[in-house]
Amino acid sequence: MTEDSQFAIPISYGSTEVIDTGKWGFQKPHTQFMAAPCQEACPAGNPIPQFLYLASDGRYDEALQALLRENPFPGVCGRVCFHPCEVHCNRGPYDESVSIRAMERYVSDRAPNQLPNLKPNQDELSKRIAIVGAGPAGLSCAYFLCLLGHRATVFERNKELGGVMRWGIPEYRLPKSVVKKEIRRILSLPIEVKTKVDVSKDISFDEVSRFDAVFLSPGAKLNATLSIEGEDLRRIWKGGDFLERINLREEVTLGKETIVIGGGNTAMDVARSALRLGSKVTVAYRRTRDEMPALRDEIVEAEEEGVRFEFLIQPVKVSLLKNRKLAVKFQKMKLSDPDQSGRPRAIPIKGKFLTLETNHLITAVGEQVDLSWIPRELIKNGLIDANPSPKIFAGGDAVDQPRTIVTAIASGKKAAISIDLYMREGSYEEVFSKIRLGNKGSVSMETYLSGRDSREWAEPMEVVPYEKLNTLFFEPIKRVKVRQLGLDRRVRGFSEVNVGFSSKEASLSASRCFTCGTCNYCYNCYFFCAEGVIQLDPVKGTKYVDYEHCKGCGTCAKSCPRSVVVMKEL
Ligand SMILES: Cc1cc2nc3c(=O)[nH]c(=O)nc-3n(C[C@H](O)[C@H](O)[C@H](O)COP(=O)(O)OP(=O)(O)OC[C@H]3O[C@@H](n4cnc5c(N)ncnc54)[C@H](O)[C@@H]3O)c2cc1C
Ligand code: SF4
Ligand code: SF4
């Protein structure tokens, strides 16, 4: 032990200092960081234990910097991510999972104008990369490419950047000001942006292919059709077009009643937006509530706000009545054997129909990728192939992956690393196996950068399961509920429904994290070591064990609540 340690307490001077008691032991303690299951489950690989630990210590700027190293959209994800991290949180089996998403939002909102303190690192291998589409996938790819020292040029057909975050998700779930702030932060890096440029109409695919590499992220915006009689009537709208008009603040007037067809998140956004425009809304879905693909929270909030649901019906014909209303004829359905996705199929009940009258009908039955301008060799199973040629990469909704913002961000990040490896002739398989966070597909940019120049990476960390934690040292604390606007204020306008945490709520929520697999200097090992041979320095981030005098009793490992101290046999 060093002499100046304020924590050095020689328990027994005679035995500990003079006799080399370290020679008695057959095992010694080691610090071994592990990945947390929440981090493994976050497709973007957010450093969750680290950012929550920093937030619990009131170091919000550092917490945001930690997030920005892995994800350029914490404010967006902190609001609308489907938060798989919370499902896998180790606190779940103990009492209730940590409010990770709400904390991500809080940290991001506390310092909205902070820039990433990452320096783009250019060298002779820095290349020019074209990115088609400025949704979360394309913008994330540009952000990470830039941090890796490459020059990205983003082509976007719209006037505004952001993709679905901009035109699709309604203001009451994701305020446009949040999207704009995060995009502004990305554009503070040297990224070239060309808006109102449609690749295929304004610039050819061949021209774009002349860049050193290309990332295709055009999303999936084509609204699927119902293919029924009367579908072209006026007053029948496509869900995507309806949401886009609202998000562009165009005037949209609905009649007294609106029927929305579909059961996914787009249908919920359409229904709740129509309700806010003063219409009485009925959602018609061909299966039951249990099979609806929309997130549970979305369904519950729609119900709370007064959206009605009609299940097990499917539209077959629309006609215009003399009173100028629409008559929508529905086939009644019943559930049958599961289909390929595992959900029960909906099959018609012969001869059973239902007709509903409405002023407007809005369809939200899925989105498709516009492949009309994509070369055939890049298409696979009706989507773009994720890595169809050595220099062409693709991601987001246009490839075969879950259609969510966080997976779009993750695909942009992985493509940036793949493009960097392509320029450096590195092995994808070897590198991705080293930078993985557990086994669910997420990767760490910080880890990639740590070994990028030397081409050497440490072995990946294992994930710490709940059983390996010592929960004796934790106390049950109730999860803080995210506050929401009152119901009548909610439906009267487009104000954000979730209010977010107060500073007190945020501090309590952050402190609930076990920081699984990461040392947070709780000092248990120090206090429980009977020999007094452990010394910690939280400021320098160091830990010292006097192995000459450690008897290898293992008390430190047993008393570590988060499975960081492990005993290794000599
Ligand atoms: C209504 C709605 C609500 C949703 N809600 C959620 C939610 O709450 N949480 C969640 O996680 N996910 C949600 N999603 C899904 C999520 O938004 C998408 O998975 C995500 O935006 C996909 O990102 P992307 O970058 O692949 O595509 P997009 O966001 O679609 O961006 C693609 C961009 O490419 C541009 N582009 C296309 N073709 C060209 C071309 N030829 N030339 C130039 N530019 C082009 C487009 O204009 C667009 O800006 C929602 C989707 C919808 C439709
Ligand atoms: S991005 Fe989503 S999955 Fe990742 S930490 Fe945030 S809420 Fe959780
Ligand atoms: S307790 Fe904290 S580190 Fe552990 S899984 Fe939950 S959020 Fe992650």
Side-chain angles (χ1 to χ4, degrees), residues 36-46 48-53 67 70-71 73-74 76-92 94 97-98 100-105 132-141 154-158 160-170 173-174 194-195 197-203 205 208 216-221 239-240 243 264-270 295 298 364 367 369-370 373-374 395-399 401-412 442 464 466 469 512-518 562:
C38 53
Q39 196 175 8
E40 178 189 40
C42 169
N46 274 358
I48 299 168
Q50 288 82 358
F51 103 80
L52 288 174
Y53 165 62
L67 283 169
E70 303 294 344
N71 178 350
F73 287 108
V76 170
C77 289
R79 286 173 165 83
V80 296
C81 178
F82 69 114
H83 53 81
C85 53
E86 294 186 16
V87 178
H88 294 272
C89 170
N90 268 339
R91 184 111 205 181
Y94 180 72
S97 62
V98 175
I100 305 169
R101 184 176 73 173
M103 278 308 301
E104 192 176 354
R105 167 184 169 162
V132 183
L139 288 173
S140 301
C141 187
V154 182
F155 297 96
E156 168 57 53
R157 70 149 72 105
N158 285 340
E160 306 270 4
L161 308 180
V164 177
M165 302 183 294
R166 187 82 185 79
W167 67 260
I169 304 180
R173 288 207 295 126
L174 179 61
K194 293 186 184 272
T195 49
V197 177
D198 186 311
V199 174
S200 83
K201 288 188 189 132
D202 304 312
I203 172 174
F205 188 84
V208 166
L216 299 171
S217 51
K221 205 189 166 194
L243 291 173
N265 287 320
T266 307
M268 294 306 100
D269 282 343
V270 169
L295 290 176
E298 290 297 308
E367 291 87 22
V369 184
D370 176 7
W373 57 280
I374 304 284
D397 281 5
V399 306
Q401 65 169 34
R403 289 186 172 172
T404 68
I405 289 179
V406 69
T407 37
I409 293 168
S411 70
S442 52
V464 55
Y466 178 69
L469 301 179
R512 289 185 70 242
C513 174
F514 293 157
T515 62
C516 307
T518 302
R562 31 195 69 81

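Atoms within a ligand are numbered from 1 in the order they appear, just like the ligands themselves. Everything numeric in this text was worked out from a predicted model, so none of it was measured.
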What's the shortest distance from [atom] to any protein heavy atom, and which residue and atom give it?
{"atom": "atom 26 (O) of ligand 1", "value": "D397 N, 2.8 Å"}
{"atom": "atom 34 (O) of ligand 1", "value": "G133 CA, 3.1 Å"}
{"atom": "atom 44 (N) of ligand 1", "value": "R157 N, 3.0 Å"}
{"atom": "atom 3 (C) of ligand 1", "value": "D269 OD2, 3.1 Å"}
{"atom": "atom 40 (C) of ligand 1", "value": "V199 N, 3.7 Å"}
{"atom": "atom 10 (C) of ligand 1", "value": "I405 N, 3.5 Å"}
{"atom": "atom 37 (C) of ligand 1", "value": "P218 O, 3.1 Å"}
{"atom": "atom 29 (O) of ligand 1", "value": "V164 N, 2.9 Å"}
{"atom": "atom 7 (S) of ligand 2", "value": "E104 OE1, 3.5 Å"}

On a heavy-atom basis, which atom in [X] and which in [Y] lie closest, and how many Å separate them?
{"X": "F155", "Y": "V208", "value": "CE1-CG2, 4.3 Å"}
{"X": "G133", "Y": "V154", "value": "O-CG1, 4.2 Å"}
{"X": "G396", "Y": "S411", "value": "N-OG, 2.9 Å"}
{"X": "I169", "Y": "I405", "value": "CD1-CD1, 3.7 Å"}
{"X": "A220", "Y": "V369", "value": "CB-CG2, 3.9 Å"}
{"X": "L161", "Y": "A134", "value": "CD2-CB, 3.7 Å"}

Where does [X] meet ligand 1, judged by heavy-atom distances below 4.0 Å: at the side chain, the backbone, both, or neither?
{"X": "V197", "answer": "backbone"}
{"X": "S411", "answer": "neither"}
{"X": "F82", "answer": "neither"}

### Query
Taking the minimum heavy-atom distance to atom 6 (C) of ligand 1, which of I169, V80, N265 ranks first?
I169
### Message
Just to be sure I'm reading this right: ignoring hydrogens, which of E160, E367, E156, R166 gets closest to atom 35 (C) of ligand 1? Compare them by their nearest heavy atoms.
### Response
E156
Give the numbers and elements of all ligand 1 atoms closer than 4.0 Å to a heavy atom of [X].
{"X": "A137", "value": "25 (O), 26 (O)"}
{"X": "G135", "value": "25 (O), 29 (O), 31 (O), 33 (C)"}
{"X": "A408", "value": "22 (C), 23 (O)"}
{"X": "A134", "value": "33 (C), 34 (O)"}
{"X": "V132", "value": "40 (C), 42 (N)"}
{"X": "R403", "value": "15 (C), 19 (O)"}
{"X": "G396", "value": "26 (O)"}
{"X": "N158", "value": "47 (O)"}

### Query
Do N46 side-chain atoms and E104 backbone N/O form a donor-acceptor pair below 3.5 Å?
no
### Task
Verify, without hydrogens or angle tests, whether R101 (side chain) and C81 (backbone) share a donor-acceptor contact under 3.5 angstrom.
yes
### Task
Go through R403 and E367 one step at a time and tell me if the salt bridge (charged side-chain N to carboxylate O under 4.0 Å, His left out) criterion holds.
CA-CA 10 Å; R403 289 186 172 172; E367 291 87 22; 5.0 Å; no
N/O to N/O below 3.5 Å, does that happen between [X] and ligand 1?
{"X": "T266", "result": "no"}
{"X": "R173", "result": "yes"}
{"X": "L243", "result": "no"}

### Message
For F155, state whether at least one heavy atom is located under 4.0 Å from any atom of ligand 1.
### Response
yes
### Task
Decide whether the shortest distance between a heavy atom of A398 and an atom of ligand 1 is less than 4.0 Å.
no
Should you measure from each heavy atom of [X], which atoms of ligand 2 turn up under 4.0 Å away?
{"X": "C42", "answer": "1 (S), 3 (S), 4 (Fe), 5 (S)"}
{"X": "H83", "answer": "7 (S)"}
{"X": "V406", "answer": "1 (S)"}
{"X": "C77", "answer": "1 (S)"}

### Message
Check the orientation of Y94 and F514. Use parallel for under 30°, tilted for 30 to 60°, and perpendicular for over 60°.
### Response
perpendicular
### Summary
Counting heavy atoms under 4.0 Å, the part of A44 that contacts ligand 2 is neither
### Message
side-chain contact (heavy atoms from CB on, under 4.5 Å) for Q39 and Q50? Distances and angles first, verdict last.
### Response
CA-CA 10 Å; Q39 196 175 8; Q50 288 82 358; 4.2 Å; yes
### Under 2.8 Å from atom 8 (Fe) of ligand 3, the protein N, O or S atoms, given as residue and atom
C38 SG
